[in-house]
2 protein chains.
Amino acid sequence: MSIDSIAGPFQPGHNHKVCIRDAMNIAEQLCQSKDLRLTKIRKRVLELVWTGHEPATAYQLLKKLRAERENAEPPTVYRALDFLVEHNLVHRIESLNAFIGCDHPESEHVSQFLICSHCNQVAELDDSVTINNAVSEEANRLGFRVSDQTVEIMGLCAACQ
Amino acid sequence: MSIDSIAGPFQPGHNHKVCIRDAMNIAEQLCQSKDLRLTKIRKRVLELVWTGHEPATAYQLLKKLRAERENAEPPTVYRALDFLVEHNLVHRIESLNAFIGCDHPESEHVSQFLICSHCNQVAELDDSVTINNAVSEEANRLGFRVSDQTVEIMGLCAACQ
DNA sequence: GAAATTGTGTTATATTATAACATAATAATT
DNA sequence: AATTATTATGTTATAATATAACACAATTTC
Ligand SMILES: [Zn+2]
Ligand SMILES: [Zn+2]
Ligand SMILES: [Zn+2]
Ligand SMILES: [Zn+2]
């Protein structure tokens, strides 16, 4: 594994061009294998989301999209995001009303994030079993059946402390 | 402990009048002890939030407030909510853009919720050490310093399964 | 009681998101 | 290949959530 392939914004040696390239390749493969239509708009919105590891709002994406596609309107980007979120290519960050690319959409998982309040970079945890178990344990105590979770941890990344 | 004092919406025997009474008493005491001004508007908004264990949106609260106070406007309710959230009397549920009363504002804590997607009732966990430890563990692995968290678990409560 | 601080009234506007219906593109069926 | 059904996009309008800015009132501090 070369230094270029270290993943995640909080990893030293992180090369973002590799993130983008990998994400787009994975998206293409996933959509092919599941017979999903990664249309031009959807693909472009996914690329725009992957501009960085800072979550992007729908209207930030819309603004960028409009630079290339003058007739883009809110539904254009919201529909693309709906598709991307549905298939785990993108996650919505509830506490920010914003969207972030997922680097492992092919594996079924719940999303959990570390959000740096200084540099605004977001890292997705790898479907932490530790957190999942803790959540299950608490839910079980109350006879609650979990179907989904929002776990968004705010703080400072190592570089920003 | 009488049956009337069993707390939380997912507890059998839950008596909501007791929830409201207790919440308002605790709020009064807390504000007195911390020298905070629980003004008429703030107190009334808190009562409106405590109408039930379903989270209330700002505009739902505004509508109710207007029935009594015809000149209430969005800032009226948002300002009251800002105060209540700042002092933990109310928590914001990010995934719902809505607000819910806290029954233990006097103890410093992070908020964690179980949200029933059928009956819409929300229960706040008691600052689960289990979840907190799991979150800390994951954060530590990446050298991340946690300052706040959003933990919102969606699913079905025991009664709705 | 004057000054400073905090809270509220009021108007306007920013931001986020969806409804509704028309048209276009693609896929499936014949 | 033409027909039909389905899915995606274009377009206009509007709903839902949230804040900015400034005037005025109430309360606290000095
Ligand atoms: Zn990257
Ligand atoms: Zn993911
Ligand atoms: Zn109750
Ligand atoms: Zn609480």
Side-chain angles (χ1 to χ4, degrees), chain A residues 27-28 31-49 54-87 89-100 120 150 152, chain B residues 27-28 31-49 54-87 89-100 120 150 152:
Chain A
E28 296 274 18
C31 290
Q32 196 142 37
S33 75
K34 290 195 178 175
D35 212 26
L36 303 173
R37 291 204 243 161
L38 189 61
T39 62
K40 282 206 166 141
I41 294 176
R42 291 166 177 176
K43 186 174 173 182
R44 187 62 186 131
V45 170
L46 181 58
E47 282 172 351
L48 291 174
V49 166
E54 290 185 42
T57 69
Y59 279 79
Q60 286 168 345
L61 295 167
L62 176 57
K63 191 177 173 188
K64 289 182 180 178
L65 197 61
R66 267 186 165 150
E68 309 158 1
R69 197 175 247 276
E70 61 185 16
N71 65 341
E73 296 291 343
T76 313
V77 67
Y78 277 106
R79 284 167 178 159
L81 287 170
D82 284 348
F83 170 87
L84 296 168
V85 167
E86 181 180 358
H87 300 294
L89 293 159
V90 161
H91 297 300
R92 180 182 158 80
I93 299 188
E94 299 293 346
S95 59
L96 299 174
N97 294 332
F99 300 86
I100 190 94
N120 299 315
T150 297
E152 298 169 4
Chain B
E28 296 274 18
C31 290
Q32 196 141 38
S33 75
K34 289 195 178 174
D35 214 25
L36 303 173
R37 291 205 243 160
L38 189 63
T39 62
K40 281 203 168 145
I41 294 176
R42 291 166 176 177
K43 187 174 172 183
R44 187 63 186 131
V45 170
L46 181 59
E47 281 172 350
L48 291 173
V49 166
E54 290 185 40
T57 69
Y59 279 77
Q60 286 169 345
L61 295 167
L62 177 57
K63 191 176 173 189
K64 289 182 180 177
L65 197 60
R66 268 184 164 150
E68 309 157 0
R69 196 175 249 275
E70 61 183 22
N71 64 340
E73 296 290 343
T76 314
V77 66
Y78 278 104
R79 284 165 178 161
L81 287 169
D82 284 349
F83 170 88
L84 296 169
V85 167
E86 181 181 359
H87 300 293
L89 293 159
V90 161
H91 296 300
R92 179 181 159 81
I93 300 188
E94 300 293 346
S95 60
L96 300 174
N97 294 333
F99 300 85
I100 191 94
N120 299 316
T150 295
E152 298 169 6

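Here is how names work: the chains are called A, B, and so on, in the same order as the sequence lines, proteins then strands, and each is numbered from 1.
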Notebook entry, point to check: Which of residues 31-40 of chain A sit near DNA chain C, with a heavy atom under 4.0 Å from it?
Noted result: A/Arg37
Next item on the list: Mind checking the CG-NE2 spacing from A/Leu38 to A/His87? Nearest 0.5 Å is all I need.
Entry: 10.0 Å
Check: Closer than 4.0 Å, any side-chain N/O of B/Asn97 to the OP1 or OP2 of D/dT17?
Finding: no
Notebook entry, point to check: Less than 3.5 Å between a donor and an acceptor, one on the side chain of B/Tyr59 and one on the base of D/dA18, is that the case here?
Noted result: yes
Next item on the list: Rounded off to whole Å, could you give me the NZ-to-C1' distance for the B/Lys43 and C/dG7 pair?
Entry: 17 Å
Checklist line | Atom-to-atom span, CD of A/Glu68 to P of D/dT9 - whole angstrom | finding: 15 Å
Next item on the list: Using atom CG of B/Leu81 as one end and atom C1' of D/dA16 as the other, report the distance to the nearest whole Å.
Entry: 15 Å
Margin query: Distance check, rounded to the nearest 0.5 Å: B/Lys63 atom NZ versus B/Arg66 atom CZ?
Written below: 11.0 Å
Notebook entry, point to check: C/dA19 P sits how many Å from A/Glu73 CD, rounded?
Noted result: 17 Å
Notebook entry, point to check: Does D/dT17 have OP1 or OP2 sitting under 4.0 Å from an N or O in the side chain of B/Arg92?
Noted result: no
Item checked: Minimum-distance pair of heavy atoms, taken over all atoms of B/Phe99 and B/Val49 -> O-CG1, 4.2 Å
Check: Between atom CD in A/Gln60 and atom P in C/dA17, what is the gap in whole Å?
Finding: 11 Å
Check: How long is the line joining CG of A/Leu62 and C1' of C/dT18, in whole Å?
Finding: 14 Å
Next item on the list: Might you work through the side-chain hydrogen bond (donor to acceptor under 3.5 Å, both in side chains) test for B/Glu152 and B/Ser95, ending with a clear yes or no?
Entry: CA-CA 7 Å; B/Glu152 298 169 6; B/Ser95 60; 2.6 Å; yes
Next item on the list: Specify the separation, in whole Å, of atom NZ of B/Lys63 and atom P of D/dA16.
Entry: 11 Å
Note to self: Taking only side-chain N and O atoms of B/Arg79, does any of them lie within less than 4.0 angstrom of OP1 or OP2 on D/dA20?
What the structure shows: no
Check: When you check the phosphate oxygens OP1 and OP2 of C/dA17, does a side-chain N or O of A/Tyr78 lie under 4.0 Å from one of them?
Finding: yes
Checklist line | A/Arg42 side chain, from C-beta outward: closest of C/dA17, D/dA8, D/dT17 | finding: D/dA8
Next item on the list: Check whether any side-chain N or O of A/Asn71 sits under 4.0 Å from OP1 or OP2 of D/dT11, and answer yes or no.
Entry: yes
Notebook entry, point to check: CZ of B/Phe83 versus C1' of D/dT19: gap in Å, rounded?
Noted result: 20 Å
Check: Looking at B/Leu84 and B/Arg42, what are the two nearest heavy atoms and their distance?
Finding: CD1-O, 3.8 Å
Check: Of all the nucleotides listed (C/dG9, D/dT9, C/dT18), which has the minimum atom distance to the side chain of A/Pro75?
Finding: C/dT18
Next item on the list: Establish whether the base of C/dG9 is bridged to the side chain of B/Arg69 by a donor-acceptor pair shorter than 3.5 Å.
Entry: no
Check: Any side-chain heavy atom of B/Lys43 sitting closer than 4.5 Å to one from B/Glu28?
Finding: yes
Check: Which heavy atom of B/Cys31 sits nearest a heavy atom of B/Leu89, and at what distance?
Finding: SG-CD1, 4.3 Å
Checklist line | Residue A/Thr76, side-chain heavy atoms: nucleotide from C/dT10, D/dT19, D/dT11 that is nearest | finding: D/dT11
Next item on the list: Compare all side-chain heavy atoms of B/Arg69 with those of B/Asn71 and state whether any distance is below 4.5 angstrom.
Entry: yes
